[in-house]
Trainee: 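If you scroll down you'll find the structure; I have some questions about it.
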Amino acid sequence: MNNYIQELLSFFYNFSDELSSNNIISKINKNQISIDYLSDNKKGDVASNFYLIIKRKIIDKNYDFISHLNEKIIKIDFIKNFELSKNGFININLSENFISRSLINIYKKNFLNDINFGNNKKINIEFVSANPTGPIHVAHLRGAIFGDVLSSLYQKTGHEVVREYYVNDAGSQITKLSNSLYKRYLEFLNKKIEILDDEYPGEYLIDIARNIYKSDKDLWLHKDKKERENYFKKFAVDHLLDKIKSDLKLINVNFDIFTRETEIENSNVIKKLFAILENKDLIYQGVLPKPKTDDLEWEPRNQLLFRSSRLIDDQDRAFKKSNGEWTYFANDAAYHFNKYQRKFDKLINIWGSDHIGYIARMKSILKAIQDKDNFFEVLTCQIVSLIQDKKKIKMSKREGKFITLTDVFNKVGKDPIRYYMISKKNETAIDFDLDEVVKKNKDNKVFYCQYAYARASSVISKAKNLKLFDEKSFDIKDFNKNLTKEELDIIKLMISYPYLIYQSSFNNEPHRLINYLELLCSSFHSVWNKGKDNESLRFIDENNINHTKYKLFWIECFRIILKDIFSIIDINTPESM
RNA sequence: GCGCCCGUAGCUCAGUGGAUAGAGCAACCGCCUUCUAAGCGGUAGGUCAAAUGUUCGAAUCAUUUCGGGCGCGCCA
């Protein structure tokens, strides 16, 4: 029973049901009931607004809320007492017995047992999916880490997660890539070349071309164009995908599966999807309206359309080009149908904010092929602006000038990247200041938190050296008499951790981890420094072994919680710094 | 023109309809004979873009306006 906050919420939900079915109150919106366990404003260990919600809805004038609540709440074993504040909050204090049991659960590392709300549901999380036309650059960084941490959170809460990357290895961009690579290859044969505006100028293609030249010499000059194009396509994509994988490995982002667009194209999945849509009268031959964009040469054309406006989208979308080829969207729709066929309970996509306009049509596809409302969810990441010398770094894809993941990694390192990218809401555009983040390692909170862990570890190792670290003495009951208020506050914060994980996962908000982590670490540093002013408040006091064992117990728990958070964010846990 | 996101301290950002709106950085003043000063304590800094509304209660919800970002094609 680690998730006591959830239990408390359920208690109030049931309470309100009981009150309304007995006609004591009129109907309320239960979603308004909340439990406050983090804010500074709360007066008890936790606080609820329950009374404020029902107060105005009370019909029975003789109803005595406090004694009724008292009668019910006394049966909850983890509650010590409660009081109704003048302004209507219910302030609740937890029983010492419960707190010490919870702490023992943390020590035994079974504190997350109760937040298994996933019940082994299969979740597919698709993220990054950057086109294999160049190295991973900074625009993909945020989605990569958001997707990775979100996946870990879902795993923590009992879901079976598949991390998936969709490889767009078909279409005209790949043809252009193939042509650009061929030109670089021609360079090795001393031919003069010119890279066109819409081709890929990046120097990374030169290295790939060199490989082809080394093994094949002038072989491809004499081959037929189609054969050569296909070979160069595959060669380029394979190499760039390897590069993407190894780049992502630098920041510990790994995938379970890479699905290629060409696989989808070559399978019959698109035909199957097409049949389903046609059967539902969602496919027709028609003409799209003129787009609202300015400066657009527009010729109306008759083509195969998907009637997405009947579902979620505001207009219909092209399924086939006028030359009869499937559109990118059609392939992508087939890919999502393919994911559906793989029997996931839920699909989550993480897209950059530049794809927001694409969400409605894809949701329309998913709605057409299945009934569940929340089966398919798209989470978007707003852009990250890189700041250097107090200025935004401008990137130009056309000139092949962009900051790659490797550039940022070499400058900053894995932990600050992962920490910073996950510390802000995904829907907020953020500035990532490369100078601030590396400046003397001081301005970055990741070091602040790792330092807290290292300090805690140094206490434990010193205690072990002094033979004061005795596990057998950790089954303690009356720790509240042996610890300071500040220490008890940290302990109460720690035992709310399971609910925090539950909330972060349920709401797709990994950044809450960071808020919690920083609060926890700041409290720890503060308590640490109390020992500087007052020797009796140090964690290890050889003159007071009794106090010491209580302190060592919660510090070990603190390390366990920190280690758990660090493992989700996937940053190092340094024993010393 | 339309859609989505955002606007909170000088800067970067938290903030679950609820109690006195917070943190870090920058500024200023203190704290190392000590389990790690990569730390701690304090001071100062706010019309939560604006207006109206809903509510017992709004930074949070609704509407409008202003400002910023990202998108809107048979591209991918």
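Bear in mind the structure is a predicted one, so any value in this text is a computation, not a measurement. Throughout, a chain's letter reflects where its sequence line sits, starting with A, and its residues are numbered from 1.
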Trainee: Is any side-chain nitrogen or oxygen of Arg142(A) closer than 4.0 Å to OP1 or OP2 of C70(B)?
Mentor: no

Trainee: Over how many whole Å does the gap from Glu83(A) atom CD to A19(B) atom P extend?
Mentor: 16 Å

Trainee: Planes under 30° and centres closer than 5.5 Å, is that true for Trp528(A) with the base of G39(B)?
Mentor: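 Not stacked: fails the 5.5 Å / 30° test.
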
Trainee: The side chain of Ser458(A) lies closest to which of these nucleotides: C35(B), A76(B), G18(B)?
Mentor: C35(B)

Trainee: Taking the six-membered ring of Phe469(A), is the NZ or CZ of Lys464(A) close enough (under 6.0 Å from the centre) and on axis enough (within 45°)?
Mentor: yes

Trainee: Taking atom NZ as the centre, does Lys339(A) end up with more than 12 heavy-atom neighbours from other residues, nucleotides or ligands that are less than 6.0 angstrom away?
Mentor: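 Buried by this count: over 12 neighbours within 6.0 Å.
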
Trainee: Using the C1' atoms only, state how far C13(B) lies from C48(B), rounded to an integer number of Å.
Mentor: 14 Å

Trainee: In terms of side-chain heavy atoms of Ser34(A), which of G24(B), A37(B), U16(B) is nearest?
Mentor: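 Of the candidates, U16(B) comes closest.
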
Trainee: Whole angstroms only, please: what is the CG-C1' distance between Asn49(A) and C56(B)?
Mentor: 13 Å

Trainee: Please give the distance between the P atoms of G18(B) and U60(B) as a whole number of Å.
Mentor: 11 Å

Trainee: When the C1' atoms of C66(B) and A51(B) are compared, how many Å lie between them, rounded to an integer?
Mentor: 11 Å

Trainee: Just checking Phe553(A) against Tyr550(A), ring centres under 6.0 Å apart?
Mentor: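 No: the rings miss the under 6.0 Å criterion.
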
Trainee: May I ask you to check whether over 12 heavy atoms, not counting those of Lys234(A), lie within 6.0 Å of atom NZ?
Mentor: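 At most 12 heavy atoms, drawn from other residues, nucleotides or ligands, come within 6.0 Å of this atom.
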
Trainee: Compare side-chain N and O positions of Tyr448(A) against OP1 and OP2 of C40(B) and report whether any pair is under 4.0 Å apart.
Mentor: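 Indeed, a polar side-chain atom of Tyr448(A) lies that close.
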
Trainee: For Tyr358(A), report the nucleic acid contact type (base, sugar-phosphate, nothing); a contact means any heavy atom under 4.0 Å.
Mentor: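 Base: the residue Tyr358(A), judged by heavy atoms under 4.0 Å, touches a nucleobase.
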
Trainee: Asn529(A) side chain N/O closer than 4.0 Å to the phosphate oxygens (OP1, OP2) of C40(B)?
Mentor: no

Trainee: Does some side-chain heavy atom of Phe319(A) sit less than 4.5 Å from a side-chain heavy atom of Leu277(A)?
Mentor: yes

Trainee: Measure from CD on Glu518(A) to P on C25(B) and round the result to the nearest Å.
Mentor: 11 Å

Trainee: Using the C1' atom as the reference point in each nucleotide, state the distance between A14(B) and G71(B) in Å, no decimals.
Mentor: 27 Å

Trainee: Kindly say if His511(A) contacts the phosphate of G15(B), meaning a side-chain N or O under 4.0 Å from OP1 or OP2.
Mentor: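 For G15(B), OP1/OP2 do have a side-chain N/O of His511(A) under 4.0 Å.
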
Trainee: Does Ser385(A) reach a base, just sugar-phosphate, or nothing at all? Heavy atoms under 4.0 Å.
Mentor: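 It contacts nothing in the nucleic acid.
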
Trainee: Choosing from G73(B), G18(B), U36(B), which nucleotide comes nearest the side chain of Ile53(A)?
Mentor: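 For Ile53(A), the side-chain atoms sit closest to G18(B).
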
Trainee: With a 4.0 Å limit, can you tell me whether Tyr451(A) has a side-chain N or O closer than that to the phosphate oxygens OP1/OP2 of A38(B)?
Mentor: yes

Trainee: Does the side chain of Lys55(A) get closer than 4.0 angstrom to OP1 or OP2 of C56(B) through an N or O atom?
Mentor: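 False: Lys55(A) side-chain N/O out of range (4.0 Å or more) of C56(B) OP1/OP2.
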
Trainee: To the side chain of Val459(A), which of C5(B), C35(B), C70(B) is closest?
Mentor: C35(B)

Trainee: What integer number of Å spans the P atoms of G41(B) and C25(B)?
Mentor: 11 Å

Trainee: Report yes if at least one side-chain N or O of Lys321(A) is closer than 4.0 Å to OP1 or OP2 of A76(B); otherwise report no.
Mentor: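 Yes, because at least one side-chain N or O of Lys321(A) sits under 4.0 Å from OP1 or OP2 of A76(B).
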
Trainee: A side-chain contact here means heavy atoms from C-beta on lying under 4.5 Å apart; do Tyr200(A) and Lys176(A) qualify?
Mentor: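 Side chain of Tyr200(A) against side chain of Lys176(A), heavy atoms only: contact under 4.5 Å found.
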
Trainee: May I ask you to decide if the ring planes of Phe12(A) and Phe15(A) are parallel, tilted or perpendicular, using 30° and 60° as cut-offs?
Mentor: parallel

Trainee: Rounding to an integer number of Å, can you tell me how far Asn534(A) CG sits from G41(B) P?
Mentor: 16 Å

Trainee: Pick the C1' atom in G24(B) and in C40(B), then give their distance to the nearest Å.
Mentor: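 Here G24(B) and C40(B) have their C1' atoms 15 Å from each other.
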
Trainee: Under 4.0 Å: is that the gap between some side-chain N or O of Arg455(A) and OP1 or OP2 of A38(B)?
Mentor: no

Trainee: Can you measure Ile555(A) atom CD1 to U36(B) atom C1' for me and round it to whole angstrom units?
Mentor: 13 Å

Trainee: Please tell me which of the listed nucleotides, A76(B), G18(B), G69(B), lies nearest to the side chain of Ile383(A)?
Mentor: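 Selected nucleotide: G69(B).
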
Trainee: Confirm from the modelled atom types if Asn91(A) and A19(B) form a donor-acceptor pair under 3.5 Å, side chain to base only.
Mentor: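 Yes, the side chain and the base share a sub-3.5 Å donor-acceptor pair.
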
Trainee: Quick one: which protein N/O atoms are closer than 3.5 Å to N/O atoms of nucleotides 7-12 of chain B? Pair and distance per line, please.
Mentor:
{"unit_1": "U12(B)", "atom_1": "O2'", "unit_2": "Tyr420(A)", "atom_2": "OH", "d": "3.0"}

Trainee: What is the separation between atom CZ on Arg512(A) and atom P on G15(B), rounded to the nearest whole Å?
Mentor: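 Atom CZ in Arg512(A) sits about 7 Å away from atom P in G15(B).
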
Trainee: May I ask you to verify if any side-chain N or O of Ser172(A) is less than 4.0 angstrom from the OP1 or OP2 atom of A76(B)?
Mentor: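 Looking at the OP1 and OP2 atoms of A76(B), one of them is under 4.0 Å from a side-chain N or O of Ser172(A).
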
Trainee: Please indicate whether Tyr284(A) has more than 12 foreign heavy atoms, meaning atoms of other residues, nucleotides or ligands, lying under 6.0 Å from its OH.
Mentor: yes

Trainee: Could you check how far CE of Met421(A) sits from P of C13(B), rounded to whole Å?
Mentor: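 The answer, rounded to whole Å, is 11 Å.
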
Trainee: Do the side-chain N or O atoms of Ser85(A) get closer than 4.0 angstrom to the phosphate oxygens (OP1, OP2) of A19(B)?
Mentor: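 No.
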
Trainee: Under 30°, 30 to 60°, or over 60°: which ring-plane class applies to Phe539(A) and Trp528(A), parallel, tilted or perpendicular?
Mentor: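 Phe539(A) vs Trp528(A) ring planes: perpendicular.
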
Trainee: What is the distance, to the nearest angstrom, from the CD atom on Gln6(A) to the P atom on U16(B)?
Mentor: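 Spelled out: CD on Gln6(A) to P on U16(B) is 17 Å.
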
Trainee: Check each of Tyr502(A), Tyr37(A), Tyr516(A), Tyr4(A) against Tyr497(A) using the ring-ring contact (aromatic ring centres under 6.0 Å, His included) test, and report the only one that passes.
Mentor: Tyr516(A)

Trainee: Counting runs of three or more consecutive pairs, Watson-Crick or G-U wobble, with each distance below 3.5 Å, where are the stems of RNA chain B?
Mentor: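 Stems found: B:1-7 with B:66-72, B:10-13 with B:22-25, B:27-31 with B:39-43, B:49-53 with B:61-65.
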
Trainee: Which sits closer to the 5' end of RNA chain B, Gly171(A) or Phe539(A), going by the nucleotide each is nearest to?
Mentor: Phe539(A)

Trainee: Would you classify Ile33(A) as touching base, sugar-phosphate or nothing, given that sugar-phosphate means primed atoms plus P, OP1 and OP2, and contacts are heavy atoms under 4.0 Å?
Mentor: nothing

Trainee: For Arg317(A) and for Ala170(A), locate the closest nucleotide of RNA chain B by heavy-atom distance; then report the residue assigned to the nucleotide nearer the 5' terminus.
Mentor: Arg317(A)

Trainee: Is Ser526(A) close enough to G41(B) that one of its side-chain N or O atoms is under 4.0 Å from OP1 or OP2 there?
Mentor: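 Checking G41(B) against Ser526(A), a side-chain N or O does come within under 4.0 Å of OP1 or OP2.
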
